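These notes concern the structure reproduced below.
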Amino acid sequence: MKLQVAMDVLTTEAALELAGKVAPYVDILELGTPLIKSEGLRAVTAIKDAHPDKIVFADLKTMDAGELEADIAFSAGADIVTVLGTAGDSTIVGAVKAAKAHGKSVVVDLIGVADKVQRAKEVTALGAAFVEMHAGLDEQAEEGFTFQTLLSDGEAAAVPFSVAGGVNVSTIASVQQAGAQVAVAGGAIYSADDPAASAAALRAAIVA
Ligand SMILES: O=C([C@H](O)CO)[C@H](O)[C@H](O)COP(=O)(O)O
């Protein structure tokens, strides 16, 4: 299982500093949606230039203009972009078309999708490299949120998936046991007193 750090910071400088600390322990460097909205795709280029050996993940959360948004992010240096599962099929197909043109990949983020299992199967058939079983920051704060649902949906969908939203050193083993290809950790790393130590602990919890 791969480890992805979600860099939900707000400046390119902060992302470069965080990436510099945690890159030795992670496979995928994610530029979070707030970062991209704050800094634009220049942040993607800066991270890719600094870490050409890492997979750079631009969390665009595209809802429309799939081919155009994916194309500009791939041109800026992204290896993976996200499209929302709530988007129409044509948006996902457009992003997949751009990915094929660049030799890159699309991940479909199932944040806010009611039936994640069904949509996971549909978007995988449309060409998504994998789906993200995702509970966003707001959903995690809602009463009744259960991390376990993300895992059971991933298992039930039986397609390649990542898990995002509440991954930490206590939960990462369950993510791997559920069969995820990627565990995404944001706050557990960027909010830690020592992000490098936190990333190293998450890495150590993954069974090779
Ligand atoms: O994708 C995310 C969110 O929508 C804000 O951009 C987060 O990066 C993702 O939910 C990670 O969550 P935590 O690991 O719980 O910080």
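When a ligand or atom number is given, it counts from 1 through the structure's own listing order. Since the model is a prediction, treat every value here as computed from it, not as a measurement.
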Relative to atom 1 (O) of ligand 1, which among Q140, H134, K37, M7 owns the nearest non-hydrogen atom?
H134
To atom 11 (C) of ligand 1, the nearest of G136, G165, A135 on a heavy-atom basis is G165
Do the side chains of D59 and K37 get close enough for a salt bridge, i.e. N-O under 4.0 angstrom?
no
So, D89 and R119, do they make that salt bridge, N to O below 4.0 Å?
yes
Can you check whether [X] has an N/O within less than 3.5 Å of an N/O in ligand 1?
X: G187; value: yes
X: G166; value: yes
X: A164; value: no

Would you call V5 and Y190 a side-chain contact if the rule is heavy atoms closer than 4.5 Å?
no
Relative to the heavy atoms of [X], which atoms of ligand 1 are at a distance of less than 4.0 Å?
X: P34; value: 6 (O)
X: A6; value: 8 (O)
X: D59; value: 1 (O)

Backbone N or O of [Y] within a donor-acceptor pair of the [X] side chain at under 3.5 Å?
X: Q140; Y: A135; result: yes
X: E39; Y: T12; result: yes
X: D27; Y: L3; result: yes
X: E132; Y: L110; result: no
X: T86; Y: V113; result: no

Taking a cutoff of less than 4.0 Å between a non-hydrogen atom of the residue and any ligand atom, is A188 in contact with ligand 1?
no
Quick look: N168 vs ligand 1, heavy-atom contacts under 4.0 Å, and the answer is neither
Give me the nearest non-hydrogen protein atom to [atom] as residue plus atom name, then the distance to 0.1 Å.
atom: atom 8 (O) of ligand 1; value: D8 OD2, 2.6 Å
atom: atom 4 (O) of ligand 1; value: K61 NZ, 2.8 Å
atom: atom 14 (O) of ligand 1; value: G186 N, 2.8 Å

Hey, mind stepping through D79 and K48 against side-chain contact (heavy atoms from CB on, under 4.5 Å) and telling me if it holds?
CA-CA 9 Å; D79 298 299; K48 190 63 184 178; 2.8 Å; yes
